[in-house]
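In what follows, every chain begins at residue 1, and chains take the letters A, B, ... in the order their sequences are listed. Computed from heavy atoms alone, side chains included, the values below leave out hydrogens, waters and symmetry copies.
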Amino acid sequence: MIPRFALARPRTLDEAFSAFAATDGDAAWLAGGTELLQVMKMGFAQFGTLVDLKGLDELRGIRRTADGLRIGAATTHREVERSADVAEAFPALASLERGVANVRVRSTGTLGGNLAFAEPHSDPATLLLAAGASVELAGPGGVRALSVSEFVLGPLFTAREADEILTAIVVPAAADGEGRAYGKLAFFERPAASVAVRLQVRDGRVAAATVTVGSITEVPEVVAAAGDALIGEPADASGLGPAIGRAIEAFGDLDVVEDLNGSADYKRHLAGVLLGSTVRDALAEATADA
Amino acid sequence: MRELIVTSLTVNGQLRELAIEPRETLADILRDRLGLTGTKVSCDAQVCGACTVLVDGLPVSGCTFLAVDAEGKRVRTVEGLATDGVLSPLQQAFVDEAAFQCGFCTPGMLMAATALLEDEPHPSRDQVIHGLEGNLCRCTGYEPIVNAVLAVANRANGANGANGANGANGANGANGAADRGPA
Amino acid sequence: MKLTGRIAIQAPPEAVWALIVNPISLARCMPGVQDIRQVDERTFEGTISAAVGPIDGNFVFRSVLTTAEFPDHLVVAVEGTDSVTKSRLEMDVQASLAAHDGATDLDYRAEVKVKGRLAILGEMVLRATAGMMIGEVARCLRSQLETGEPPDPASVPSIAGDPGAVAPPIE
Amino acid sequence: MRRVVTRPEVPAPIGVAVPRRDAIAKVTGTARFTVDVDLPGLAHARILRSPYPHARITGLDLTAARAHPGVIAVVSSADLPDVHLVYGHAVADHPLIAVDKVRFAGEPVVGVVAEDAATADEALRLVEVSYEPLPFVEGPDAALGADAPILHERPGEQRPHRGFDEDIERTHANVCSTSRQAWGDLDAAFVDAHLVLEGEYHYPMCYAYAMEPYTAVASWGEGELTVWTSGQHPYMVRDDLAHCFGLPLSKIRVIVPYVGGGYGSKSYTKIEPLTAALALRAGRPVRLALGVEEAILTTRGDAAIVRLKTAFDRDGRILGRTGRILLDTGAYAENSPLVGRKAANRIGGPYRIPALDITCDVVYTNTAPASSFRGFGAPQVTLAGESQLDEAAARLGIDPLELRRRNVLSLRERPWPKARGLDADLDADLSLAAEEIEWSVAAGPGRGKAIALSASDAGSEPITTSVLRVLSDGSVTVMAGSTEIGQGSSTVLAQIAAAEMGLDLDRVHLVQSDTAAVSYDRSTGASRTTTLMGLAIQSAAADARAQLVEMATTSMAPDGPEVTEIRGGVRIGEANHDWGAIVRAWFGGAAGEVVGRGYLRRAGATAEMPPFWEIGCVAVEVSVNEDTGEIRVERLVTVGDVGCAINPQTAEAQDVGAAMMGLGMATREELVYQDGNLLNGNLFDYRVPRTTSLPELRTVLVERGDGVGVYGAKGGGEGALNPVAAAIANAVERAAGIRLREAPFTPERVWRALRERDRARAAAGDSVGEPPTT
């Protein structure tokens, strides 16, 4: 049962800020509602007003820019999943989106809403973190951009001020020889463990590598030592084997949190299992047109 | 004080205008205001799919979709599948395959499968399985549901379509509904 | 859920003890404390407003100081109810101080039990919330103590584990 | 589907997969469930539940809630002095709303009735309850400890519907009931043993997840109570309502529309007394529609710890079996005393066991109450029993199929001295399962196969009636108190009536589950409906036909040619007359009606208990992911030994559905408690099987006409669930060399077992070690 609330339906950011300000803080932003309305139903949150962001054109749409992709925060998972631009510029994201929750959630849930909610067992943030994406926040006082790690501060907790709106996700274009991939294991509705890899191949060797983990830690984290372990290694699946082993060892330092999916050591192990296949996927993309 | 928002939507082809509280879900108004009780709410958490309805052709969870967000949109429910008393090919296939038992998941399952087939008229068995992964059925174990969807898909393909290997029941289904119009 | 950790404070243990053994002064270091009042010599009640994941609520709490033996045996039992889900939080905290080089290590061990709907948020969220609060407390303790003067060691209160013991002075 | 039919010929439309009679309603959305029942003035209820697993209620302030606009009534136990608050068909220990204390987190404490559910929800938040928390206990071992907190200070009154004859003994304050099954000389059996296996097996708390959560609508009028409910057992609910409200049975009408899944979880009384109490105080009809999160807290399945010891001779023959079963019934007895009785009965399996001694204690804990759940004790104990057979086979170097053949009971052999002889040829069933799973073909690497069996004393008490009304046009209305819960009873029972009256199916109409209109049926559960209601309908039809033949003689051929009964009517001379003609002739106009009745009790064919044995026979092939510990059931074979499949399609569907449910419980389903809270009481974290869980299926229906029911039918629908967990555990052992004894076999549990195996192999100097293959 969703508790009663009033609805504001602004058309512009300024209207949105005014509507929010008029509530004396007793408001929340509404986009797809797949997370917010669920939390309200469960009795965890109640707001006098929901300010609906679906009418703001500036939050919608996917654009390719000189630097990469700009995805409006209110773009639905389905739109991202089926976008020709995303398929071309960031196939790993399109593939990730195909596996988010279920077809109904993807019809209405938005990428921005997903990130703003910061559910720790969620897909996109882990990949976006690896890809070096940033988010744009607009508030009554102005606009700012934060990296994913600056934005996601804790489980269900972000750097967004209550009156700020997440407006867009900006993903840098893949460099030459760069590949990005995401892998997850899910035993329940949400992932138990996830891993994302971004690596760049030059002259047959891994020149740069970023490894992130999600769902096993409180927030998606960059595992720097895991990325470092891959750098300089031969850029073929078999040659990378020992380096992947060393990268997995780097997961040993993570503060993995036990949950219903399993205890900490098991979830850490799952991330290790995922790393191998995810590195191979990233490698395949990196070397596809080489 | 209850705020009411006058909302116009098309439900199964009929234009409806309703004064809706913002908190009311699409499932609420379909069931309680329009008497379309075919749509069922089960998990109330967007997991089970029992409340699946189509909004502008896309499957959504009626339990969590705000009714006011259906403004100007076309909503389709299980009650809109049959035309002039003739079951849709998918409904007929559900009857033929006994793709239900208790029937509580069935309306949502039919809507999800309808969306699946509109999106991909010739799905493989694997596509059907993955396409319906988000719809739960506790009675059947899914086999007859998958077979029913494939029966319709194979009929659309012609009896020996690309999925012939999957469609052991396709031929039966085709005979059973040959006179029921195009899929 | 178990929480353990150490807060290093550049102040002598007597000063740290004086602050943490007194709920009123400790409350000043807790983020979101709305009010706190004394019920009897070892019992305090109050309200904390806190965000736990999506829940932005008030926690009405009661804390009982069961043991305070300087410097290594402080035991506090806290129980609280949140205003949104009416869930109940039970927390047993043990703390000990160890001095080294004029500084103090405050070691804490807490066992937290959640009864009610709050529990389904899961340990990840609860642990993170606790972590953020502890972080705030640590910052506050340092800022209060690392600049201030140490109190007179003779005034350091101590009570034994049995209820009949001497109560700490309350400011 | 493969059909193996050796039974005699049957009349149409028996044995025919006629389309289900509920099909059109269910695919068009017109099928009416309880939540669709609307009444003038219908008000809506919501329930405030305890956050504590065990606490005394020390204060209750309902003022603000009562003052909230739109609220009609706010009700606690103190507001119901005129209601007998404590009910329970086996042990009366369950208050319909908390009285003085709560015994599990989620127990109803206050009910609010309002104009709409959202308003009722708002008012719930205005209720102030103060509690004094009490020590609580989780897990049956802890509950049996000397200092364990006591849930029920006084034992509940024993009630007549507990389902077994002996009195309930209370050996410990937290023991709800104890059952024992014993025969033979156990000491001798173990002294002579070549191999003794001993192990502890765990079966989880499971949630049936009937997709329709518990729902009831109650309406009072002129001292009479009408309740619509999602319950499986309208007549049992009527009994409890009569007890709670001090009414004669005849003043209570319980109506069950279509039920959105039950699987046992909707048997007996759930929220009906509470709904009726709220309607009484509201002075309005009231709907109480629980959400799934509340449904999970209303009833779950009994978790089990089974400590089992089995003695074998060197040829793998079972010599004796002993052990103790602890069932965790949670806060209230519900139907767990009978689950305990059945668990003790079923742990032997369909095997020849010279000596057996099993005790089953049903234990109270501060968790949501447990009750009937598909399989009913059998899944819990079959995991242990069937696992030990494969463990013995491995130790003795005997093929597991062969070991079963050496022990399995023959047709008509009695599992225990006073029981009905087995009504199945299990040796032949084993062969069918082996053929379908290709037992003789080794499974591939990382894969394993297993076959497992169970036999359940099913059917419950054979107390069932039916009324068959032959109308003046010759069509028939059958009144059958069995509930359509998705199993297909509305189709199957109509088929039986049509066959018995010699009519086309479309001439038969079935009225079900309305206690004011339809005569008594004990319950829809224990897989009994086809068999027992089928017999009652058969007997009602015979009664009607006998009357009609007699009437034809007196009214149509008083002095004349002989009247002979033919299919669908009589022949008099050269003329055939259908039943309608006889009705019209006898009553002497265009009207009239003939009423046949059928009574079934413990007499005649159904004198011996159980009325029938329900067979479970499955085979699986599994694969084990050595990296993640995930198990996948790749192939699943079900052998449905049902005597006669009245409708092969529904019979097969029940078997497959049951096996798939067993697959979920074996691999993923488990309610997890921590600190007295249910942590995964929602569908996000409680995982039931999905389309992607679907194995390659092969189904066999076996019809040898060996059941007690019509045309040799016997019950199905639960059997295929019972051996699935054991089959998977045994197949995993053969795939990966690990022995799983704690269900569900989650990825982490499997992974840990794999690591343990690797450590053991490394220690043994056998660093790689080929896993044994099938």
Side-chain angles (χ1 to χ4, degrees), chain B residues 21 23-24 28 31-32 35-48 50 77-82 85 87-88 90-108 110 126 128-146, chain D residues 17 19-20 22-33 35-36 38 116 118 208-213 258-263 289 291-293 484-488 636 647 649-650 652-661 663-664 682-684 688-695 697 699:
Chain B
E21 274 194 78
R23 65 153 192 91
E24 289 183 279
D28 288 338
R31 292 183 46 82
D32 301 340
L36 297 172
T37 55
T39 299
K40 295 289 184 277
V41 175
S42 179
C43 75
D44 203 17
Q46 312 163 78
V47 176
C48 75
T77 72
V78 68
E79 289 91 346
L81 287 180
L87 299 183
S88 76
L90 191 65
Q91 285 174 309
Q92 187 60 47
F94 267 55
V95 173
D96 296 341
E97 299 286 337
F100 63 89
Q101 287 180 30
C102 83
F104 210 75
C105 76
T106 311
L110 282 165
D126 209 43
V128 172
I129 283 175
H130 283 94
L132 295 179
E133 191 188 0
N135 283 73
L136 303 181
C137 169
R138 193 60 152 158
C139 293
T140 62
Y142 302 106
E143 177 81 5
I145 294 172
V146 172
Chain D
R20 290 177 60 122
D22 50 359
I24 302 298
K26 286 181 175 173
V27 302
T28 55
T30 54
R32 196 166 82 140
F33 296 82
V35 75
D36 304 327
D38 202 359
D116 58 63
Y209 187 40
M211 290 191 67
E212 173 199 36
Y258 283 128
V259 176
Y263 326 108
V292 158
E293 293 192 20
E484 173 57 68
I485 58 172
Q487 84 280 46
L636 171 66
N647 183 322
Q649 194 179 43
T650 56
E652 180 199 28
Q654 280 286 294
D655 244 20
V656 171
M660 284 295 284
M661 188 174 262
L663 189 155
N682 56 64
L683 263 289
F684 286 110
V688 301
R690 305 185 163 218
T691 47
T692 42
S693 322
L694 189 55
L697 283 177
T699 60

Specify which of [options] makes the most heavy-atom pairs with chain D at under 4.5 Å.
options                                : result
B/Glu21, B/Arg31, B/Glu143, B/Arg138   : B/Arg138
B/Leu81, B/Val95, B/Leu36              : B/Val95
B/Ala98, B/Cys137, B/Pro107, B/Ala99   : B/Ala98
B/Thr106, B/Leu136, B/Val146, B/Leu110 : B/Leu136

**OP:** Looking only at non-hydrogen atoms, find the nearest pair between D/Pro695 and D/Met660 and report the distance.
**Re:**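 Looking at all heavy atoms of both residues, the shortest contact is CD-SD, 3.6 Å.
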Original post:
What closest approach, in Å, do D/Phe33 and B/Lys40 show between heavy atoms, and which atom pair accounts for it?
Top reply: CD1-CE, 3.3 Å
Original post:
With only heavy atoms counted, which part of D/Thr30 is less than 4.5 Å from chain B, the side chain, the backbone, both or neither?
Top reply: neither
Subject >> Region of D/Asp655 in contact with chain B, defined by heavy-atom distances below 4.5 Å >> reply: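 Neither the backbone nor the side chain of D/Asp655 comes within 4.5 Å of chain B.
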**OP:** Just give me the residue among D/Pro213, D/Gly488, D/Ala208 that pairs up with chain B most often, heavy atom to heavy atom, under 4.5 Å.
**Re:**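 When all of D/Pro213, D/Gly488, D/Ala208 are compared, D/Ala208 has the most.
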Subject >> Among the listed options D/Val292, D/Val656, D/Leu694, the residue most often paired with chain B at heavy-atom distances under 4.5 Å >> reply: D/Leu694
Original post:
Taking the side chain as C-beta and beyond, is there a heavy-atom pair between D/Ser693 and B/Tyr142 under 4.5 Å?
Top reply: no
**OP:** May I ask you to test the B/Gln91-D/Thr28 pair for a side-chain heavy-atom distance under 4.5 Å?
**Re:**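 Yes, side chains in contact.
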**OP:** Output the distance between atom OG1 (B/Thr39) and atom CG (D/Asp36), rounded to the nearest 0.5 Å.
**Re:** 10.0 Å
Original post:
Do B/Phe100 and B/Phe94 have ring centroids that are under 6.0 Å from one another?
Top reply: no
**OP:** Using the ring of D/Tyr258 (Phe, Tyr or Trp, six-membered ring only), decide whether D/Lys26 places NZ or CZ under 6.0 Å from its centre and within 45 degrees of its axis.
**Re:** yes
Subject >> Part of B/Leu132 lying under 4.5 Å from any heavy atom of chain D >> reply: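 Both backbone and side chain.
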